[in-house]
Amino acid sequence: MKRFVYFLFAVSLWAGPAVAWNSEGHRIVALLAQQQLSPEALRYIQTILRSHPYPSVRDLSAASVWPDQVRSDPKYHHGAWHYVNFPLILGGQKKDALTSGPRFHVSGEVNRALNECTVRLKDERLSSEERAVALSWVVHLIGDIHQPLHAASAYSVELPKGDRGGNKFPVQSKGRKTSLHKFWDSGGGLFDSHPDDGQILQIIGEWRQSFSDEVPGVAVLSPTDWTEESYRLARDVSYRDVALGSPLTDSYVATTRSVSQERLLLAGYRLGAYLQRIYEAHRRATL
């Protein structure tokens with residue numbers, strides 16, 4: 001793992017709904033991606049967002065959090081789009097060793113949704129509003145895919161029906177009860193000071209100065225690969241050295257923060273490359 005700037009906001013567990021990354025995490029991804037775009041590509045993106053049905057969504061930062069903000073709007077809410085939970089058996093147990101014999105299946109539609117929204121974003125026969133909505137989802141879902149607990153649901157004797165990406169896996173942090181999912185959404189406590197976009201840009205500037213070499217894996221632009229990366233991290237990091245209802249160790253907290261920084265950085269660079277590629281395809285089609 002490359003060197004990451006260790007930024008630490010005041011830790012108080014975030015108690016919002018279970019979503020992938022807090023809004024600050026999604027905005028970090030979006031603003032970092034924005035810095036990767038050519039001026040022409042950025043204008044193309046901004047032009048699309050001018051037609052968004054929500055007037056508050058006019059830039060990538062706002063677009064990145066919008067799908068979480070409309071969970072009460074049935075016209076735009078798609079709960080299963082935010083994740084894909086592959087079964088993960090804890091403790092080396094075999095499936096037939098679990099007492100209640102759960103059904104193991106893959107749930108969630110994040111990869112299919114990202115592909116669908118990408119197609120809609122590129123389809124200039126659609127209305128400007130439809131394409132702006134699709135763009136918001138593309139920005140948001142690429143962030144979601146990079147959160148490890150949006151790629152796995154853990155099963156054990158104690159969790160025979162799975163833990164829904166850590167949502168049903170209780171833990172304690174700083175004396176407070178929370179879920180493993182919420183803890184990872186907060187990046188292990190990185191986002192609790194709720195920085196504004198200006199402060200986030202300062203953080204991104206520090207991140208970018210901390211790298212002497214290219215970030216490994218940035219060139220991987222396959223959403224399927226991103227999901228597989230997150231699943232492996234869930235298996236090898238998120239569910240390792242943690243027990244149901246137990247306090248999280250200082251070592252576990254530090255690892256969560258380090259991995260979260262890496263995933264957000266990768267998501268931002270990859271989102272920028274993904275959107276740039278979409279713009280280039282548009283430019284070639286209009287020559």
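Predicted, not measured: the structure shown is a model, and the values here were computed from it.
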Quick one, P87 and V106 - any side-chain contact, counting heavy atoms below 4.5 Å? yes

Please enumerate all residues that pass ring-ring contact (aromatic ring centres under 6.0 Å, His included) together with Y44, with sequence neighbours excluded. Y279, H282

Are side-chain heavy atoms of L60 and L37 found at a separation under 4.5 Å? yes

Within this structure, what is the CZ-CZ distance for the pair R125 and R120, rounded to the nearest 0.5 Å? 11.0 Å

Report the residues that fulfil side-chain contact (heavy atoms from CB on, under 4.5 Å) with V65, sequence neighbours left out, ordered by chain and then residue number. S23, H26, R27, Q69

Kindly indicate whether the side chain of T249, heavy atoms from C-beta on, has any atom under 4.5 Å from the side chain of D241. no

side-chain contact (heavy atoms from CB on, under 4.5 Å) test vs L32 passes for just one of L201, L265, L264, namely L265

Correct closest heavy-atom pair for L180 and S238 would be CD2-O, 3.6 Å

Donor-acceptor pair, H146 side chain versus I142 backbone, under 3.5 Å? yes

Side-chain heavy atoms of L159 within contact of F169, under 4.5 Å: yes

Ignoring hydrogens and angles, state whether a donor on the side chain of E280 or Q276 is under 3.5 Å from an acceptor on the partner side chain. yes

How are the rings of H82 and H77 set to each other: parallel, tilted or perpendicular (split at 30° and 60°)? tilted

Hey, does the side chain of N22 reach the backbone of G25 with a donor-acceptor pair shorter than 3.5 angstrom? no

If you measure from OG on S61 to CG on L49, what distance do you get to the nearest 0.5 Å? 11.0 Å

F183 side, atom CZ; T178 side, atom OG1 - distance, nearest 0.5 Å: 8.5 Å

Please check if L126 and I48 belong to a single hydrophobic cluster, counting links between Ile, Leu, Val, Met, Phe, Trp and Tyr side chain heavy atoms closer than 4.5 Å. no

Determine whether a donor-acceptor pair (N or O, by modelled atom type, separation under 3.5 Å) exists between the side chain of S136 and the backbone of A132. yes

Taken to the nearest 0.5 Å, the spacing of R112 CZ from L141 CG works out to 10.0 Å

Between atom CG of D250 and atom OH of Y252, what is the distance when rounded to the nearest 0.5 Å? 13.5 Å

Charged N to carboxylate O under 4.0 angstrom, D73 versus K75? no

Whether Q172 side chain and G245 backbone form a donor-acceptor pair below 3.5 Å: yes

No-hydrogen, no-angle side-chain donor-acceptor test under 3.5 Å, N167 and Y83: no

Just so I know, are the side chains of H181 and R164 near enough to count as touching, which here means a heavy-atom distance under 4.5 Å? no

Do Q261 and S258 pair up side chain to side chain, a donor and an acceptor below 3.5 Å, judged on atom types alone? no

Under the salt bridge (Lys or Arg N to Asp or Glu O under 4.0 Å) rule, what do E40 and R283 come out as? Steps first, then yes or no, please. CA-CA 10 Å; E40 297 80 11; R283 185 182 62 82; over 6 Å; no

So, the side chain of Q36 versus the backbone of A33: is there a donor-acceptor pair under 3.5 Å, distance only? no

Could you go through the side-chain hydrogen bond (donor to acceptor under 3.5 Å, both in side chains) check for S230 and R263 one step at a time? CA-CA 9 Å; S230 286; R263 296 305 284 168; 2.9 Å; yes

Answer yes if the side chains of S128 and R50 hold a donor-acceptor pair under 3.5 Å, and no otherwise. no

Is the shortest side-chain heavy-atom distance between L88 and Y155 below 4.5 Å? no

Please name all residues satisfying ring-ring contact (aromatic ring centres under 6.0 Å, His included) with W184, sequence neighbours left out, ordered by chain then number. none

If you round to the nearest 0.5 Å, how far is CG of L233 from CG of D236? 7.0 Å

Do L114 and V119 share a hydrophobic cluster (ILVMFWY, side-chain heavy atoms under 4.5 Å, transitive)? no

Decide side-chain contact (heavy atoms from CB on, under 4.5 Å) for I204 and Q35; before the verdict, give the C-alpha distance in whole Å, the side-chain angles of both, and the deciding distance to 0.1 Å. CA-CA 10 Å; I204 291 172; Q35 294 180 345; 3.3 Å; yes

Mind checking whether L271 and L221 sit in one hydrophobic cluster, side chains of I, L, V, M, F, W, Y counted as touching below 4.5 Å? yes

Side-chain donor-acceptor pair under 3.5 Å between N85 and Y231, yes or no? no

Sort out for me which residue in V133, V138, L135, V139 forms a side-chain contact (heavy atoms from CB on, under 4.5 Å) with C117. V138

Residues S153 and D163: closest non-hydrogen pair is OG-N, 3.3 Å

Beyond-backbone contact of P170 with L244, side-chain heavy atoms, under 4.5 angstrom: yes

Using a distance-only test with no angle check, is there a side-chain donor-acceptor pair under 3.5 angstrom linking H52 and E129? no

For a side-chain contact (heavy atoms from CB on, under 4.5 Å) check, start with the C-alpha distance between W21 and S260, then their side-chain angles and the critical distance, and finish with the verdict. CA-CA 9 Å; W21 308 121; S260 295; 3.7 Å; yes

Backbone N or O of G217 within a donor-acceptor pair of the R270 side chain at under 3.5 Å? yes

No-hydrogen, no-angle side-chain donor-acceptor test under 3.5 Å, Y274 and T118: yes

Side chains of F86 and V84, heavy atoms from C-beta outward: is any pair under 4.5 Å? yes

Judged by atom type as modelled, is there a donor-acceptor pair below 3.5 Å linking the side chain of R131 to the main-chain atoms of L121? yes

Polar side-chain atom of Q199 near backbone of D196 as donor-acceptor pair, under 3.5 Å: yes

Check whether T227 reaches the backbone of P223 with its side chain - one donor and one acceptor, N or O, closer than 3.5 Å. yes

Non-hydrogen atoms of A62 and S56 that approach each other most closely: CB-O, 3.5 Å

Would you confirm whether W66, through its side chain, and H140, through its main-chain N or O, come within 3.5 Å as a donor-acceptor pair? no

Tell me, with the steps shown, if E116 and W81 meet side-chain contact (heavy atoms from CB on, under 4.5 Å). CA-CA 11 Å; E116 176 184 317; W81 283 16; 4.0 Å; yes

